[in-house]
Amino acid sequence: QASRIVLAKLMEHEGADRQSLFVGREELLNEVARELLPPAGTPVPQVLVFSGLQGVGRRSVALRALKDNLSLPFGPVIMLEDTDDTASFYLQLLDDATAFTTREQFKDTIKAFNTASIDDQAKMICREIEAIAKDNAAVVIVDQGALIEESGMWTDRATAVFDGVIASPTEPYVIVV
């Protein structure tokens with residue numbers, strides 16, 4: 001705690017950007033940096049999963065790693081409870097990324113999503129993620145179990161979305177914590 005206070009005062013004195021203090025995680029940040037900046041010829045991961053107990057700093061590590069290595073800030077933070085479905089994910093993305101001019105447009109978009117196949121739903125979600133990526137930001141998903149089956153594997157819908165993100169030519173980033 002004392003080192004954080006001293007560091008904050010030094011940063012304040014030097015006029016450094018105000019950012020959350022990050023002490024003692026250098027090894028973890030180096031490990032993430034190695035994954036974010038792989039050797040030449042190796043694709044950069046676009047779906048990053050940070051796991052761990054609630055409150056241990058997964059989002060803080062992810063934010064710092066993206067900022068330090070890719071100069072990329074967090075975009076929208078999508079909160080998914082274990083009872084949420086893909087439509088909830090899509091609605092939250094739409095809320096952040098799309099400006100509807102009429103209520104009717106919004107209803108038509110939701111109806112089209114709900115009647116689409118799993119693959120088409122994944123494509124619709126990926127389009128919204130790509131739009132956010134054009135603003136140079138990463139989509140953050142705080143998943144409380146909506147994207148994972150009881151077996152611990154990703155759901156088919158989550159896998160379809162992640163595959164679409166990876167195949168995207170715009171190189172969007174999705175962070176799952």
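- Two residues are said to be in side-chain contact when any heavy atoms from C-beta on lie closer than 4.5 Å; Leu48 and Val32 fail this criterion.
- The distance from the CE atom of Met124 to the CG atom of Leu93 is 11.5 Å, given to the nearest 0.5 Å.
- Applying the side-chain contact (heavy atoms from CB on, under 4.5 Å) rule to Val77 yields the partners Arg59, Met79, Val140, Val142; only residues at least two apart in sequence or on another chain are considered.
- The distance from atom OH of Tyr173 to atom CG of Leu70, rounded to the nearest 0.5 Å, is 4.5 Å.
- For residues 151-169, the set of pairs meeting the side-chain hydrogen bond (donor to acceptor under 3.5 Å, both in side chains) definition, not counting sequence neighbours, comprises Gln121-Arg157, Glu130-Ser168, Ser168-Thr170.
- The shortest distance between side-chain heavy atoms of Arg64 and Leu29 falls below 4.5 Å.
- Contacts of Phe106 classified as ring pair (Phe, Tyr, Trp, His ring centres under 6.0 Å), with partners at least two apart in sequence or in another chain: Phe100.
- Between Leu80 and Gln92, the closest side-chain pair of non-hydrogen atoms falls below 4.5 Å.
- Between Ile125 atom CD1 and Lys123 atom NZ the span is 13.0 Å, to the nearest 0.5 Å.
- At least one donor-acceptor pair closer than 3.5 Å links the side chain of Asp84 to the backbone N or O of Glu81.
- Every residue two or more places apart in sequence or in another chain that forms a side-chain contact (heavy atoms from CB on, under 4.5 Å) with Thr42 is listed here: Pro38, Pro39.
- Take Ser71 and apply the side-chain contact (heavy atoms from CB on, under 4.5 Å) test, not counting sequence neighbours, and it matches no residue.
- With sequence neighbours excluded, no residue forms a side-chain hydrogen bond (donor to acceptor under 3.5 Å, both in side chains) with Thr102.
- One distance of note links CG of Leu91 with CD1 of Ile78; it measures 10.0 Å at 0.5 Å rounding.
- Shown here are the ring pair (Phe, Tyr, Trp, His ring centres under 6.0 Å) partners of Phe50, two or more places apart in sequence or in another chain: there are none.
- Here the closest heavy-atom approach between residue Ile132 and residue Val139 is recorded as CD1-CG2, 3.7 Å.
- Put simply, the side chain of Gln46 reaches to within 4.5 Å of the side chain of Pro172, judged on heavy atoms.
- Screening residues 136-150 for side-chain hydrogen bond (donor to acceptor under 3.5 Å, both in side chains) gives no qualifying pairs among residues at least two apart or on separate chains.
- Summarising the geometry, atom NZ belonging to Lys111 is positioned 9.5 Å from atom NZ belonging to Lys107; distances are rounded to the nearest 0.5 Å.
- With rounding to the nearest 0.5 angstrom, the CD1 atom of Ile148 is 11.0 Å from the CG atom of Asp82.
- Evaluation of the side-chain contact (heavy atoms from CB on, under 4.5 Å) rule for Asn114 yields Ala87, Ile110 as partners, not counting sequence neighbours.
- Between Leu147 and Val161 the shortest side-chain heavy-atom distance does not fall below 4.5 Å.
- Considering only residues two or more places apart in sequence or on other chains, Ser88 meets the side-chain hydrogen bond (donor to acceptor under 3.5 Å, both in side chains) condition with Asp85.
- No continuous path of hydrophobic side-chain contacts links Val165 to Ile118 [ILVMFWY only; heavy atoms under 4.5 Å].
- For residues 66-94, the pairs satisfying ring pair (Phe, Tyr, Trp, His ring centres under 6.0 Å) are Tyr90-Phe113, with sequence neighbours left out.
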